[in-house]
Structures are given as C-alpha cells and as structure tokens.
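Okay, so here's the structure we're looking at.
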Amino acid sequence: MPKSLLSSARSAALDAFGEPPSVIAQAPARVELLGNHTDHNGGLVLAAAIDRYTVIAGCASEGRHAAVRSTNLAGIDAFAIDHLVPGEPGAWGQYVRGVTWALGETHGPLRSGFEAALAGNVPLGGGLSSSASLQAAFALFLIAAGCVPDLNPELNDEDRMALAKILRRSENAFVGVASGLLDQFSSLFGRAGHALTLDCRTLAYERLPLGNPAIVVIDSATSRKLADGMYNIRRGECEAVVRYFQDKRGADRVQSLRDVSLDELRTEWSHLEPEPRRRARHVLTENDRVTRGATALRSGNLAEFGKLMTASHASSRDDFDNSSEALDALIASAEISPGFLGGKLSGAGWAGCTVNLVQPELAEEFAASVCEEYIKKTGLVPTIHICHAAEGAWGKSVSTKE
Ligand code: GLA
C-alpha cells in the first residue's frame, strides 16, 4: 500500500471524525489489455490490475448513519444506511452509497453505520476504472469493519466473484451506468506479475503470468464527456445484430454476440446495417485476439501479445469507432518509441488513456519519446504513468496506535 495514500486517508479520517481508524482497505485500478467492449457482449476479456489505488481508512460506528470523506474531492458524504438514494449524478458519493445499498440487498441490512476517509492515486476519467477501484476498496472496508452480515474478510475466489457481481449491480441499478463485469472483476482478482482472463458468459477466469513489462498508461489530455452516451449507443448497435440473428435462428439459440461466429457474420454481412455489422466484427475479432493473447502469454511470448494489442486498437479505430484523433496520435507516437511492444486505447474509449506494454528497462525513454512526439503531433501535453501488474483488493483491521 502506498504509504502516502494510507497516511492521508488515516489523517483525514482522524481529522473528520476524531477517532483513529481501525480498518484499512485498498483496491487497484485496472487496464484492459485485450477484449475491448467484449464484456457487455458475453465475450472474453484480458486485463490486469495496476499499482494505482483507492485507499480507505475508517471504522464502524454506532447507529444507522454513515459519513465518508474524500481527500481528493471536496466534501463529506453523509447518509442514513437504511434509506439510500443515489444523490447527485456523477458524484463519487453515489458509488459509496451504491455499494452500501447493494451489499445490504444481498446480505441483509448492514450491522452498523461507519465513518471513513478515502484517498487515491488513480487518474480520474481516463478509462482506468477509478470507480471500480473505489467500489472494491469500499466493499472490502465494510466487510473488514464487520458491517456486512455473514461475510468473512478472508475472501476466497468464489466470494470475490460473488462480490464482483454485487458491485456491478450497484453500478448498473443504483448509479445507473450500464457497464459489464470487467472492472470490478479486475480490481478484485488482480495478482502481481499476472494478467487476468475472464469469460463474461461462463465467468470462467484464469490468472496468466505476464512477466514484468512496464504497463505504461498515457493520458491523452482529452476529456471523456462523450463516452457515457456513446457507450450506450454502441451497446444498442451490438444488440441490433443479436436481434437479427435471433430472428434467423431463434432467441433461445442466440443470447449475445458470443453465440454468433465470424463466419456467420461474414455470410450475413450484406443483410446487416453498415454500422452495427462493423461493431459486431470488432467484438468477434476481439474475442479471437483474447484467445490468441492468452496462448501467447502461456508461452511467454510478449512480442506476439503486444502485436495483438496494437491490432485491437486498429479494430477499435476502424470498426468500433471508439478511438479519437488524440488516441490514434498517442499510439502512432508509441509505435516509433523505444521499447514498445504494443498498445491500445483503454476502457470505453473516445478519449482518456492508452495502455502500452513496454520493455521495463526502456520505460523512461519510451515515456520521454512518446511525450515529445505527441506534443509535436497535437500540441497537447500527455500525462504518463509507468505501472505494473498488481494484487487485487483487500481490507483488514489495524491497531489504532500505528
Ligand atoms: C468501460 C466499461 C467496461 C468495458 C469497457 C470497454 O470501461 O466500464 O465494463 O465495457 O468500457 O471494454
């Protein structure tokens, strides 16, 4: 746990509530290495948790009230734990309330209220899933604080999968964002030096050795305001293709794009609308790239894995239309920089960050070169984060004297 984050969460909790925190929790952000927009299509994803975190410090409190303070963003969110309403759209407090709500829905009313402060170093709004990291850290805090009935803080993988689904539900049903399972899964299942695969239809998963490449996340300095609306439009386009195949083959045989093969898509190409069919081609070729990427990792072939990432970016750009001039310029700059193995946009797309795999000894040189090239191409100044694959979320009790 980064000491500076922990001490800022602890002192914020002490300042705000006058009590030294007795529970701490942390959860990592994630990068999507392959499998872009496959999760909401019942497809395959390959991701990694990274060493950028949300950290929470606090304690259970008497009564049925909660108060949460953020050290990054202003204010304290105070609410009654038995009467949860989402509150201001887009505010970080919605995620906190959503987790409280969803845990209560599944496990019964929380045993008590709580007071907590959160600190984090996950770049916001860049496609690294700061929100899932907040959700997972917060859930682990509540569990370790003993607020959630019948949930032991020593979570095994089965518990973690159940929790990922609860967190997804809180985002879908409470916050109102129609996301897939990728983000919460990655934050909960991360492992240092490993990537994660997830089959979003069966929920089968695997931790695959990634070695120690630098995972270089580059923020394009462009904002993602468009992304939420576009996300839902793309979902609708994918669903239109599913409906076409349902009409042809029966709804029971086609539940998602996962039930459609690339060959079938090619055969029906001329009957499908131009945009939906390209969206579907992106999703189906991404599934294939995840399968090939997993094989490459099993044989330690990072060069091959990197090529698949760059091919994924091209498919996002050309078929899913979720790239942008800035993201394309970042990838073009990365391709001519030292140590580059592969790179693509990260997360929903349209703006935000790219994620690049880079030979670790060349990471600094790579960063300097991309920065220079990108400024030359766009006049924008990128922010660069050199990261590594990290452990998943945890929470624990601590001595209040530490
Ligand atoms: C966002 C969503 C994820 C996933 C990606 C695209 O990050 O939150 O669930 O759909 O976009 O792959």
Side-chain angles (χ1 to χ4, degrees), residues 27-50 52 90 94-95 98 122-136 164-189 195-201 203 205 217 219 223-239 256-258 279-280 282-290 293 308-309 312-313 315-317 319-324 327 343-355:
R30 66 99 185 92
V31 286
E32 174 196 282
L33 296 172
L34 285 172
N36 181 245
H37 284 276
T38 50
D39 64 346
H40 54 85
N41 285 299
L44 305 173
V45 214
L46 209 156
I50 53 168
R52 295 295 184 278
Q94 279 199 313
Y95 282 92
V122 183
L124 299 181
L128 301 182
S129 210
S130 53
S131 54
S133 129
L134 167 57
Q135 286 184 303
K165 289 189 212 164
I166 292 173
L167 298 184
R168 178 189 181 183
R169 179 156 180 246
S170 99
E171 186 161 27
N172 295 171
F174 193 88
V175 181
V177 175
S179 55
L181 194 66
L182 168 70
D183 303 344
Q184 294 87 3
F185 162 78
S186 307
S187 187
L188 286 163
F189 279 78
L196 308 159
T197 57
L198 176 68
D199 181 329
C200 297
R201 181 163 63 173
L203 301 191
Y205 60 88
V217 173
D219 192 325
S223 127
R224 294 200 324 143
K225 283 207 185 82
L226 253 182
D228 287 347
M230 294 306 289
Y231 191 93
N232 290 335
I233 292 172
R234 289 292 178 276
R235 284 187 75 129
E237 289 166 342
C238 294
E239 281 156 17
S256 70
L257 280 183
R258 186 69 183 285
R279 312 306 183 226
H282 168 74
V283 171
L284 298 187
T285 58
E286 276 293 274
N287 285 339
D288 184 50
R289 278 184 284 273
V290 171
L308 291 163
M309 287 177 71
S312 162
H313 183 80
S315 173
S316 286
R317 181 191 63 212
D319 272 352
F320 211 71
D321 281 332
N322 63 330
S323 188
S324 68
L327 294 171
K344 63 184 271 297
L345 59 82
S346 179
W350 292 286
C353 297
T354 61
V355 52

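In listed order, ligands and their atoms are each counted from 1.
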Quiz item: Between Arg168 and Glu171, does at least one N-O distance fall below 4.0 Å, as a salt bridge requires?
Solution: no
Which atoms of ligand 1 sit under 4.0 Å from any heavy atom of [X]?
X: Arg30; answer: 7 (O)
X: His40; answer: 10 (O)
X: Glu32; answer: 5 (C), 6 (C), 12 (O)
X: Asp39; answer: 3 (C), 4 (C), 9 (O), 10 (O)

Please tell me if the side chains of [X] and [Y] come closer than 4.5 Å, counting only heavy atoms from C-beta onward.
X: Arg258; Y: Asn287; result: yes
X: Val290; Y: Val45; result: no
X: Leu198; Y: Leu182; result: no
X: Leu181; Y: Asp39; result: no
X: Leu188; Y: Leu167; result: yes

Checking heavy atoms under 4.0 Å, the part of Glu171 that sits near ligand 1 is neither
Looking only at heavy atoms, is any part of Asn36 under 4.0 Å from ligand 1, and if so is it the side chain, the backbone, or both, or is it neither?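 The answer is both, backbone and side chain.
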Could you find the nearest protein heavy atom to atom 8 (O) of ligand 1 and give me its residue, atom name and distance?
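Going by distance alone, atom 8 (O) of ligand 1 is nearest to Asp183 OD2, 2.7 Å.
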- Message: Starting from atom 11 (O) of ligand 1, what is the nearest protein heavy atom, named by residue and atom, and what distance separates them?
- Response: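 Atom 11 (O) of ligand 1 sits closest to the protein heavy atom Ala348 N, 3.2 Å.
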Taking both backbone and side-chain atoms of Leu182, is any N or O found less than 3.5 Å from an N or O belonging to ligand 1?
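Between Leu182 and ligand 1, no N or O pair is found under 3.5 Å apart.
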Task: Parallel, tilted or perpendicular, as decided by the 30° and 60° cut-offs, for the rings of His37 and Trp350 - done: perpendicular
